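Just below is one structure, and these are the notes that go with it.
Being a predicted model, the structure only gives us computed values, none of them experimental. Here is the naming used below: chain letters follow the sequence lines, and residue numbers restart at 1 for every chain.
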Number of protein chains: 2
Amino acid sequence: MRVLLVEDQLQLAESVAQALKGIGLTVDVLHDGVAADLALSSEEYAVAILDVGLPRMNGFEVLARLRARGKTLPVLMLTARSDVKDRVHGLNLGADDYLAKPFELTELEARVKALLRRSVLGGERQQQCGSLIYDLETRRFTLGEELLTLTSREQAVLEALIARPGRVMSKEQLAAQVFGLDEEASSDAIEIYIHRLRKKLDGQAVAIVTFRGLGYLLESRDV
Amino acid sequence: MRVLLVEDQLQLAESVAQALKGIGLTVDVLHDGVAADLALSSEEYAVAILDVGLPRMNGFEVLARLRARGKTLPVLMLTARSDVKDRVHGLNLGADDYLAKPFELTELEARVKALLRRSVLGGERQQQCGSLIYDLETRRFTLGEELLTLTSREQAVLEALIARPGRVMSKEQLAAQVFGLDEEASSDAIEIYIHRLRKKLDGQAVAIVTFRGLGYLLESRDV
DNA sequence: CTTATGTAAGGTTAGCGAAAGGTTAGCCGG
DNA sequence: CCGGCTAACCTTTCGCTAACCTTACATAAG
């Protein structure tokens, strides 16, 4: 699952990013409002965490432009002041939560988790496709009766596939979900993860279907 | 098992800490309310012991903020006065027990033990995973028919693992539980305790499973 | 002195992803 | 219709790295 963090204090950004990676998220870190605006229009995120006081374009404006584009992803605002006016302003613009600095990393983690839980599939606990079940709470997959053990890359790919049932995901989209902005996104590697996932899903009532030239799709099927 | 003690009288704090360590607990000692508030939001404790008259932020406020964050861990309040008003105030704010100074160390020990017993795992007496049984009353492990003899570090790690069945604990989390705030938390050392524990659990219907890059998990298994 | 502890050091393994060759689907000319 | 062609995809192999395991030993604690 991929999230965007926009925070201009480099050190704080780094520690927050580490914390979020610690709970299994793919994190893109940016340090100014214009870059954030760009990323939010071209990339796909499960949650955005926006500092209010950003260089080049402030967090409120980034948020306003995001909502103007009709995007509904949950946004958590960070602010130096615990100003009630700011808070109201942010919530009016469509922020979903608000956190005043300084804050505890665990509190931020908890809020991000809450936003994810609320948003991804409208608060559903579980997601199912054939005999494959994904538990959002524990972020683990169950296949038939067995718990599925996946490596972190495999997990990222399968999460991306099950997130939108019935929708074809291109290799490039998958690579973006798995690698984020930072790493060199080798979409060749995606083929390998698909292969390894297929091995693990073999013989079950679920399969990854190829759409030549388009991408992959997770689909339930008869055994 | 890890507890937080907040008491500004250094000498008293020290002797209480010693007493608690004496019954096998990992103790973090702090001396003011702000530090306590911080620690309680970022660390995980089985019990908190709060003096009422703390510098920077009093015990009542620390307690109120703790409950406002939705935390349910048991809290034992300490007060210089045996004022009934204070007592009511504390209990209204969600304190679980109350002790007036001066008190006997043995009484404090007894009350802390009682709180631990009541809270950890919702009052359950025993915790089981495969052939491994943990008795909260005596805080000892039984493996098959045999009583398991562990060093205090091994005990701390295994307690942390069995406390949340089915949940993966990272080496950092385990180190926090074992060492507390004070000591240099070398998460390398955790690998050694895991190794030594595995030796002692060898051949039994329980095992510590590694999740590469994530941590460890205690799991029952077939022999 | 004995036991517990944890650093250091080396060995082992899982996960990653590039490379390379095999396979398949769709297209096109005959 | 059919064989050939190509691009897209599948699969295997393999070297690299980081994470993990294990042993040995020095130090500290009781």
B/Phe103 vs B/Val16 side-chain heavy atoms within contact, under 4.5 Å:
yes
In whole angstroms, the gap separating P of C/dG11 from CG of B/Asp188 amounts to 18 Å
Give the rounded distance in Å between these two atoms: CD of B/Gln155 and P of C/dT3.
19 Å
Is the phosphate of C/dA14, meaning OP1 or OP2, less than 4.0 Å from a side-chain N or O of A/Ser152?
no
Atom CG of A/Leu150 to atom P of C/dC16: distance rounded to whole Å?
10 Å
For residues A/Arg221 and A/Ser131, is any side-chain donor paired with an opposing acceptor at under 3.5 Å?
no
Rounded to whole Å, the CG-P distance (B/Leu197 to C/dT5) equals 11 Å
Between A/Tyr134 and A/Gln128, is any side-chain donor less than 3.5 angstrom from a side-chain acceptor?
no
Tell me, yes or no, whether the heavy-atom count around A/Arg139 atom CZ, taken from other residues, nucleotides or ligands under 6.0 Å, exceeds 12.
yes
Measure from CD on B/Glu154 to C1' on C/dT3 and round the result to the nearest Å.
12 Å
Taking atom types as modelled, is there a side-chain donor on B/Gln173 or B/Gln177 under 3.5 Å from an acceptor on the other?
no
Taking atom P of C/dA18 as reference, at what distance in whole Å does atom CZ of A/Arg153 sit?
10 Å
So which of A/Leu150, A/Leu148, A/Leu197 actually passes side chain to side chain contact (heavy atoms under 4.5 Å, CB included) with A/Gln155?
A/Leu150
Under 4.0 Å between a side-chain N or O of B/Thr151 and OP1 or OP2 of C/dT3?
no
Can you check each nucleotide of nucleotides 13-30 of chain D against protein heavy atoms at under 4.0 Å and return B for base, S for sugar-phosphate only, - for none, in 5' to 3' order?
-----BBSBSB-------
